[in-house]
A.B. asks: 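There's a structure below that I have some questions on.
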Amino acid sequence: MFIVFFVIVIPFLPLLLSSVSFGWQWPNVLPESYSFRAWEYVLAGSSGTWPAVGASLLIAGIVTAVNIFLAVPAANALSRNKFTGKWLAEAIIFAPIVIPPFVAVMGIHLTFLRLGLTETIFGVVLAHLSPTLPYMVRAVMISYNTLSIDWEDQARMLGAGPGSRFFHVVLPHLMPGIVAGSSLSILISSSQYLITFLIGSGQVVTLPILLFPFISGGDPAIASAYSLLFAGMAILTLLVMDVSLKNYYKNKKASTVKGQQRGVEL
């Protein structure tokens with residue numbers, strides 16, 4: 001327990017001290033004086049923090065929804081089927097993981113300039129699919145690899161149609177992979193700076209867009225406050241998804257028990 005506390009909590013203490021410091025010169029262990037001016041600036045309506053947080057969550061949410069829509073059939077095809085060019089399809093899908101982001105984003109930027117998709121949230125959402133979709137596909141593929149086709153065959157023999165088989169047999173088994181992929185998708189999308197900066201052209205302002213100038217040479221106290229806000233937003237998102245997954249399985253188990261009880265009564 002102590003090790004977990006040390007690894008997770010201790011790194012945030014310097015950020016917390018920096019965010020409330022008013023002059024922290026090296027080699028002093030603690031700040032010379034304290035002030036809440038950084039938090040007053042970050043939380044003030046004039047700083048643009050809350051619109052940026054809203055834009056970050058909106059973009060990350062849309063990106064994740066599109067990723068789920070694309071990843072489920074892609075993972076199904078890659079996990080269960082053998083076809084010519086499968087290795088090429090996998091290489092294309094997972095290429096953004098190994099190709100340097102700067103190389104990919106420059107090509108995306110030039111293409112989007114010609115298509116008129118820059119300076120729009122829609123363009124930023126499309127650009128964020130590149131670095132996030134591979135993680136979603138991989139997470140769902142792992143779930144598909146542990147799902148036997150025999151389960152669906154049994155449902156088919158009992159008269160279940162394609163839609164019923166998917167929602168009652170496949171989807172519950174895929175939920176852990178979908179949630180894991182969604183978590184990565186949200187975190188990666190909400191932390192994108194370069195893609196958002198180039199495609200959004202300064203018109204789409206997310207939290208990293210506000211944070212980076214302070215990190216690269218602005219006010220360290222404000223940068224620390226923004227970093228803590230970003231970390232808190234990420235942790236809160238993960239907690240919400242964890243609670244949602246637990247509630248999903250709890251409700252699923254409750255409905256199964258009710259169904260069994262009705263069967264016994266009949």
Side-chain angles (χ1 to χ4, degrees), residues 42-43 45-72 74 93-97 99-140 177-216 223 225-245:
V42 168
L43 300 178
S46 58
S47 64
T49 300
W50 301 118
V53 169
S56 297
L57 294 177
L58 175 64
I59 293 172
I62 297 175
V63 168
T64 301
V66 175
N67 278 336
I68 294 173
F69 180 78
L70 297 176
V72 171
I93 291 175
F94 297 116
I97 297 178
I99 295 177
F102 185 77
V103 176
V105 76
M106 292 307 297
I108 294 173
H109 185 226
L110 292 175
T111 302
F112 280 21
L113 278 174
R114 294 188 177 95
L115 297 176
L117 294 175
T118 56
E119 303 183 9
T120 64
I121 290 181
F122 180 68
V124 173
V125 167
L126 291 180
H128 281 199
L129 293 177
S130 175
T132 57
L133 182 59
Y135 296 96
M136 178 68 77
V137 172
R138 183 58 184 164
V140 179
I178 291 175
V179 171
S182 298
S183 302
L184 290 172
S185 176
I186 292 174
L187 292 177
I188 295 171
S189 175
S190 60
S191 63
Q192 290 297 317
Y193 170 77
L194 183 61
I195 292 178
T196 306
F197 179 74
L198 290 178
I199 305 302
S201 302
Q203 302 303 310
V204 179
V205 180
T206 59
L207 198 55
I209 299 297
L210 293 181
L211 171 62
F212 189 80
F214 292 103
I215 293 178
S216 61
Y226 271 127
S227 298
L228 289 172
L229 179 63
F230 179 80
M233 185 176 69
I235 293 172
L236 180 61
T237 301
L238 294 179
L239 289 176
V240 169
M241 298 193 70
D242 181 64
V243 172
S244 300
L245 181 63

A.B. asks: Just verifying a value: how many Å separate Leu211 CG and Leu229 CG, rounded to the nearest 0.5 Å?
C.D. replies: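 Leu211 atom CG to Leu229 atom CG measures 9.5 Å (nearest 0.5 Å).
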A.B. asks: Could you measure the distance from the CE atom of Met106 to the OG1 atom of Thr111? Nearest 0.5 Å is fine.
C.D. replies: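 Result: 11.0 Å between the selected atoms.
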A.B. asks: For residues Pro208 and Ser190, report the shortest heavy-atom separation together with the two atoms involved.
C.D. replies: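 Closest approach of Pro208 to Ser190, heavy atoms only: CG-O, 3.1 Å.
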A.B. asks: When you measure from the side chain of Ser191 to the backbone of Ile188, do you find a donor-acceptor pair of N or O atoms at a distance under 3.5 Å?
C.D. replies: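 Yes, the answer is positive, given that a donor and an acceptor are paired below the 3.5 Å cut-off.
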A.B. asks: Under 4.5 Å between any side-chain heavy atoms of Phe94 and Val137, yes or no?
C.D. replies: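 Phe94 vs Val137: side chains touch.
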A.B. asks: Can you name the closest pair of heavy atoms from Pro213 and Ile209 and give their distance?
C.D. replies: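 Heavy atoms only, the tightest pair is CD-O, 3.1 Å.
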A.B. asks: A side-chain contact here means heavy atoms from C-beta on lying under 4.5 Å apart; do Ile199 and Leu117 qualify?
C.D. replies: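 With C-beta onward as the side chain, the pair stays apart.
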A.B. asks: Within the supplied structure, the quantity of interest is the number of heavy atoms (other residues, nucleotides, ligands) at a distance under 6.0 Å from Tyr193 OH; does it exceed 12?
C.D. replies: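 Counting neighbours around OH of Tyr193, more than 12 heavy atoms of other residues, nucleotides or ligands fall under 6.0 Å, so yes.
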A.B. asks: Can you name the nearest heavy-atom pair linking Gly123 to Phe112, along with the distance?
C.D. replies: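 In terms of heavy atoms, the two residues are closest at O-CE2, 3.1 Å.
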A.B. asks: Hey, what do you get for CG (Asp242) to CG (Leu238), rounding to the nearest 0.5 Å?
C.D. replies: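 Here the rounded value is 8.5 Å.
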A.B. asks: So, does Ser185 use its side chain to make a donor-acceptor pair with the main chain of Gly181 at under 3.5 Å?
C.D. replies: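 No; zero donor-acceptor contacts below 3.5 Å.
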A.B. asks: Is the closest side-chain heavy-atom distance between Ile97 and Tyr135 below 4.5 Å?
C.D. replies: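 Contact flag for Ile97/Tyr135 side chains = yes.
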A.B. asks: Nearest 0.5 Å, please: how far is CD1 in Ile93 from CE in Met136?
C.D. replies: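 Separation between the atoms: 13.0 Å.
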A.B. asks: Would you tell me whether His128 and Thr196 have side-chain atoms, one donor and one acceptor, within less than 3.5 Å of each other?
C.D. replies: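 Result is yes, a qualifying pair exists.
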A.B. asks: Could you go step by step and tell me if Thr120 and Val204 meet the side-chain contact (heavy atoms from CB on, under 4.5 Å) rule?
C.D. replies: CA-CA 7 Å; Thr120 64; Val204 179; 5.7 Å; no
A.B. asks: State the CZ-CG distance between Phe212 and Leu194, to the nearest 0.5 angstrom.
C.D. replies: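 That separation rounds to 9.0 Å.
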A.B. asks: Counting heavy atoms not belonging to Phe197, are there more than 12 under 6.0 Å from its CZ?
C.D. replies: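 No, because the 6.0 Å sphere around CZ of Phe197 holds 12 heavy atoms or fewer from other groups.
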A.B. asks: Closest approach of Ala60 and Ser189, non-hydrogen atoms and distance?
C.D. replies: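 Looking at all heavy atoms of both residues, the closest pair is CA-OG, 3.5 Å.
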A.B. asks: Would you say that Ile108 contacts Ile195 through its side chain, given a criterion of any heavy-atom pair below 4.5 Å between the two side chains?
C.D. replies: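 No, their side chains stay 4.5 Å or more apart.
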A.B. asks: Find out whether Leu43 and Thr49 are in side-chain contact, i.e. whether some heavy atom of one side chain is under 4.5 Å from a heavy atom of the other.
C.D. replies: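 No; the side chains remain at least 4.5 Å from each other.
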A.B. asks: Do Ile59 and Gln192 come within less than 4.5 Å of each other through their side chains, counting heavy atoms only?
C.D. replies: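 SC-SC contact between Ile59 and Gln192 ruled out.
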A.B. asks: Is there side-chain contact between Val53 and Phe230, with at least one heavy-atom pair below 4.5 Å?
C.D. replies: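 No; the side chains remain at least 4.5 Å from each other.
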A.B. asks: If you round to the nearest 0.5 Å, how far is CG of Leu239 from OG of Ser183?
C.D. replies: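 The OG atom of Ser183 sits 10.0 Å away from the CG atom of Leu239.
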A.B. asks: Between Met241 and Val179, what is the shortest heavy-atom contact and its length?
C.D. replies: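 The answer is CE-O, 3.8 Å.
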A.B. asks: In a check of side-chain contact (heavy atoms from CB on, under 4.5 Å) between Ile178 and each of Ile68, Asn67, Thr64, which one passes?
C.D. replies: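 Single side-chain contact (heavy atoms from CB on, under 4.5 Å) partner of Ile178 among Ile68, Asn67, Thr64: Ile68.
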A.B. asks: Do you know the tightest heavy-atom contact between Val42 and Ser47?
C.D. replies: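 Smallest interatomic distance, heavy atoms only, reads O-OG, 3.1 Å.
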A.B. asks: Would you find a donor on one side and an acceptor on the other, under 3.5 Å apart, between the side chain of Ser56 and the backbone of Leu207?
C.D. replies: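 Side chain of Ser56 to backbone of Leu207, a donor-acceptor pair under 3.5 Å: yes, one is there.
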